[in-house]
Amino acid sequence: QVQLVESGGGLVQAGDSLRLSCAASGRTFSAYAATWFRQAPGKEREFVAAFTWGLGNTVYADSVKGRFTISRDNAKNTMYLQMNSLKPEDTAIYYCAAKRGTYSARSSDYDYWGQGTQVTVSS
């Protein structure tokens, strides 16, 4: 079992950047597929970016490709989401999640979730 805590959200203007962090305890991210999701008010929770388990590969949603970068520091047991060129449509609560095995873009497949961190982009 793992516990996940997100941080780094805030209120920014369009075009600004933020870096979100997801710190894990209990187990290391290397044992899990680790994924970022987001959920805007009144919208479904959607996939953002992920590490695929066992391969070290990354995958991104089309909506953030080229603007967001996922990374990790295994020594600190922390995953990051660098968000550049933020747009108002990026406004959402951002969650990190983990599951055993390979990654999935479906939120229902995940066992462990953080509490979320709010990102608000104004324009």
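What's counted below: heavy atoms across the whole structure, side chains too, no hydrogens, waters or symmetry copies.
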Original post:
Do you know the tightest heavy-atom contact between I93 and G116?
Top reply: CG2-CA, 3.8 Å
Subject >> Note, R100 side chain near Y112 side chain (heavy atom, < 4.5 Å) >> reply: yes
Original post:
With side chains defined as the heavy atoms from C-beta onward, is the minimum distance between M83 and W36 less than 4.5 Å?
Top reply: no
Subject >> Transitive ILVMFWY side-chain link V48 to V12, under 4.5 Å >> reply: yes
Original post:
Any side-chain heavy atom of V64 sitting closer than 4.5 Å to one from L81?
Top reply: no
**OP:** Return the orientation label for the F47 and Y103 ring planes: parallel under 30°, perpendicular over 60°, tilted otherwise.
**Re:** tilted
Subject >> Any Y95 side-chain heavy atom under 4.5 Å of Q39 side chain >> reply: yes
Original post:
Is a donor on one side and an acceptor on the other found under 3.5 Å between the side chain of Q115 and the backbone of V5?
Top reply: no
Original post:
How close do D109 and S104 get, heavy atom to heavy atom, and via which atoms?
Top reply: OD2-OG, 2.6 Å
Original post:
Would T69 and Y60 satisfy side-chain contact (heavy atoms from CB on, under 4.5 Å), going step by step from the backbone distance to the final call?
Top reply: CA-CA 8 Å; T69 303; Y60 296 90; 3.8 Å; yes
Original post:
Is any side-chain heavy atom of V119 less than 4.5 Å from a side-chain heavy atom of R38?
Top reply: no
Subject >> Nearest atoms (heavy-atom pairs only) where S25 meets N77 >> reply: N-ND2, 4.2 Å
**OP:** May I have the step-by-step check of side-chain contact (heavy atoms from CB on, under 4.5 Å) for L86 and F68, ending in yes or no?
**Re:** CA-CA 9 Å; L86 283 163; F68 291 10; 3.9 Å; yes
Original post:
If you take all heavy atoms of A50 and T35, which pair is closest and at what distance?
Top reply: CB-OG1, 3.3 Å
Original post:
Salt-bridged, K65 to D62, with N to O below 4.0 Å?
Top reply: yes
Original post:
Tell me, do T117 and S7 make a side-chain contact under 4.5 Å, heavy atoms counted?
Top reply: no
**OP:** Walk me through it: do M79 and I70 pass the test side-chain contact (heavy atoms from CB on, under 4.5 Å)?
**Re:** CA-CA 7 Å; M79 177 175 66; I70 191 172; 3.8 Å; yes
Subject >> Heavy-atom check, side chain of Q118 versus side chain of T91, under 4.5 Å >> reply: yes
**OP:** May I ask you to decide if the ring planes of Y110 and F37 are parallel, tilted or perpendicular, using 30° and 60° as cut-offs?
**Re:** perpendicular
Subject >> Within-4.5 Å side-chain heavy-atom neighbours: S21 and K76 >> reply: no
